[in-house]
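Here is the structure we will look at, set down as structure tokens.
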Number of protein chains: 2
Amino acid sequence: MDINTATRPPGRPREFEIEEALDKAVIVFSERGYHAASISELKDAMGLAAGSLYKAFKDKKAIFLASFDRYKQVRNAVLEQELAQGINGRDRVSRMLRFYAEASHGENGRRGCLVVGTAIELAVYDAEAAERVDRSMGRSEALFETLIREGQADGSIAQAIDPGATARLLLSVTQGLRVLGKTGPNRDRAFSVVDTAMKLLD
Amino acid sequence: MDINTATRPPGRPREFEIEEALDKAVIVFSERGYHAASISELKDAMGLAAGSLYKAFKDKKAIFLASFDRYKQVRNAVLEQELAQGINGRDRVSRMLRFYAEASHGENGRRGCLVVGTAIELAVYDAEAAERVDRSMGRSEALFETLIREGQADGSIAQAIDPGATARLLLSVTQGLRVLGKTGPNRDRAFSVVDTAMKLLD
DNA sequence: TCTATTGGGGAACGATCGTTTCCAAATTAA
DNA sequence: TTAATTTGGAAACGATCGTTCCCCAATAGA
């Protein structure tokens with residue numbers, strides 16, 4: 001009888017998609033930051049009443065952390081897709097750097113990175129936020145290192161370079177690009193940084 | 001009769017040093033950020049009553065901008081002194097990078113950089129803040145470029161490298177270090193980034 | 001049909017925000 | 001001395017903050 005056989009919990013069903021609402025919240029938190037983003041702004045952007053917001057999330061911090069996780073999920077998916085197209089280690093490193101450069105200019109740059117924003121605004125006095133930032137940074141660093149080792153294995157990256165140290169440098173470059181992108185350098189300047197960084201792999 | 005012959009303006013003299021108070025405000029703004037730093041916290045840290053604060057400064061933003069300027073003044077003086085000890089262009093680039101690495105770990109790292117914080121939290125919707133950030137970033141980039149050209153002139157840096165592009169990269173690295181420093185990598189990791197970046201000058 | 005449960009939405013809450021006001025104290029100029 | 005001016009400091013202000021409450025709607029299970 002029932003087309004949807006998945007059991008539904010009792011009570012009135014939610015009328016909005018959590019992930020769609022979070023995508024809107026991500027924009028507000030990215031542009032304004034955690035403290036400057038008010039519940040009033042968030043509920044308007046998410047298209048919800050305050051009461052509904054607080055039924056879906058415990059408090060403002062929970063909205064933020066859920067937004068952070070959603071942001072990471074979406075960005076990671078795009079990056080993964082980008083890396084899958086790389087032809088060797090060096091190309092994948094280049095694609096990853098360009099992925100950040102693309103996000104660090106123009107409107108995207110102005111909007112900013114939620115990881116960087118969290119590191120700056122929240123990590124110092126909120127353990128949960130700090131842990132998420134650390135995990136995100138750690139994964140990026142590890143990914144750079146993996147790609148570099150792949151490049152050394154396939155011959156596209158020089159054997160002489162130190163994968164760990166170079167990965168840390170590239171992580172610094174990407175986070176720095178995100179900061180510079182906030183006051184909006186043009187596209188060429190962001191990509192010139194990528195080109196210069198790639199010379200480290202020779 | 002009067003030991004201090006400098007004419008004093010009418011009215012009760014101020015009982016505190018503006019710059020000493022600003023140094024305290026810099027700490028609060030750096031650790032907490034603009035929005036999370038309340039007037040209550042600021043007045044406690046600065047040792048002033050709210051009324052006195054508002055006689056010295058127009059509003060919260062004026063306190064912040066004055067703190068920003070004080071921060072830049074102090075940091076620039078320290079950096080200048082550091083660079084004066086450099087023996088050639090390459091050494092001065094290295095000293096400048098180490099100056100940032102030193103500020104990007106441990107307690108200083110956790111405290112954070114007021115320029116980066118301003119870029120992330122304020123620059124998007126406050127023109128005065130954005131202009132200060134832009135000017136600060138522009139000067140750092142120009143300084144890196146100058147030092148690189150000096151190194152090329154004195155033979156300590158390879159002629160083949162592009163001073164402008166490399167300066168932009170090094171600026172990205174320093175700003176990135178400041179972000180990473182917020183969640184506190186240890187000293188060695190910060191300095192390994194410097195060592196790796198210096199390879200770009202060979 | 002009745003009960004239990006959950007969501008939607010708006011009104012209301014106490015707390016805290018940045019700011020102003022007020023009065024006493026300290027100084028200069030007349 | 002007196003008037004004008006400015007600071008120190010505490011108290012008070014309106015606005016906005018994040019959050020809760022309340023009432024109605026919508027659903028599941030009995």
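FYI, side chains are in, hydrogens and waters are out, and symmetry mates aren't considered; it's all heavy atoms of this structure. For clarity, every value in this text was computed on a predicted model and none was experimentally measured.
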Legend entry - Listed nucleotide nearest any side-chain atom of A:Ser52, set D:dT19, C:dG8, D:dA10: C:dG8

Inset, instruction - Round to the nearest Å and state the distance from B:Glu41 atom CD to C:dT16 atom P. - result: 12 Å

Inset, instruction - Give a yes or no on whether a salt bridge exists between B:Asp44 and B:Lys24, defined as a side-chain N under 4.0 angstrom from a carboxylate O. - result: no

Legend entry - Student check: side-chain heavy atoms of A:Thr174 and A:Arg178 closer than 4.5 Å: no

Inset, instruction - Return the nearest nucleotide to the side chain of A:Pro13; candidates are D:dA11, D:dT19, D:dT27. - result: D:dT27

Legend entry - Donor-acceptor pair, side chain of A:Thr183 and main chain of B:Asp134, under 3.5 angstrom: no

Legend entry - For atom CG of A:Leu53 and atom P of D:dC21, their distance in whole Å: 17 Å

Legend entry - Length of the line joining A:Lys58:NZ and C:dG7:C1', which is rounded to integer Å: 20 Å

Inset, instruction - Figure out the CD1/P separation between A:Ile39 and D:dT16, and round it to whole Å. - result: 16 Å

Inset, instruction - Using atom NZ of A:Lys55 as one end and atom P of C:dG10 as the other, report the distance to the nearest whole Å. - result: 12 Å

Inset, instruction - Check every strand shown and say whether A:Ala37 touches a base, only sugar-phosphate, or nothing at a heavy-atom separation below 4.0 Å. - result: sugar-phosphate

Legend entry - Ring-face cation of A:Arg14 near A:Phe16 (centre distance under 6.0 Å, axis angle within 45°): yes

Legend entry - Between C1' of D:dT16 and NE2 of A:His35, the distance in whole Å: 15 Å

Inset, instruction - Would you tell me if any nitrogen or oxygen in the side chain of B:Ser38 comes within less than 4.0 Å of OP1 or OP2 on C:dC17? - result: yes

Inset, instruction - Return no unless some side-chain N or O of A:Arg12 is found under 4.0 Å from OP1 or OP2 of D:dA25. - result: no

Legend entry - Separation of atom OH in B:Tyr54 from atom P in C:dC17, rounded to whole Å: 11 Å

Inset, instruction - Have a look at B:Phe57 and say if it touches a base, only the backbone sugar-phosphate, or nothing, with a 4.0 Å heavy-atom cut-off. - result: nothing

Inset, instruction - Taking A:Glu121 for its side chain and A:His35 for its backbone only, find out whether a donor-acceptor pair lies under 3.5 Å. - result: yes

Legend entry - Residue B:Ser40, side-chain heavy atoms: nucleotide from C:dG10, C:dC17, D:dA11 that is nearest: C:dC17

Legend entry - Side chain of A:Lys60 (C-beta onward), nearest among C:dG10, D:dG18, D:dG9: D:dG18

Legend entry - Rounded distance (Å) that lies between atom C1' of D:dT16 and atom CZ of A:Arg32: 13 Å

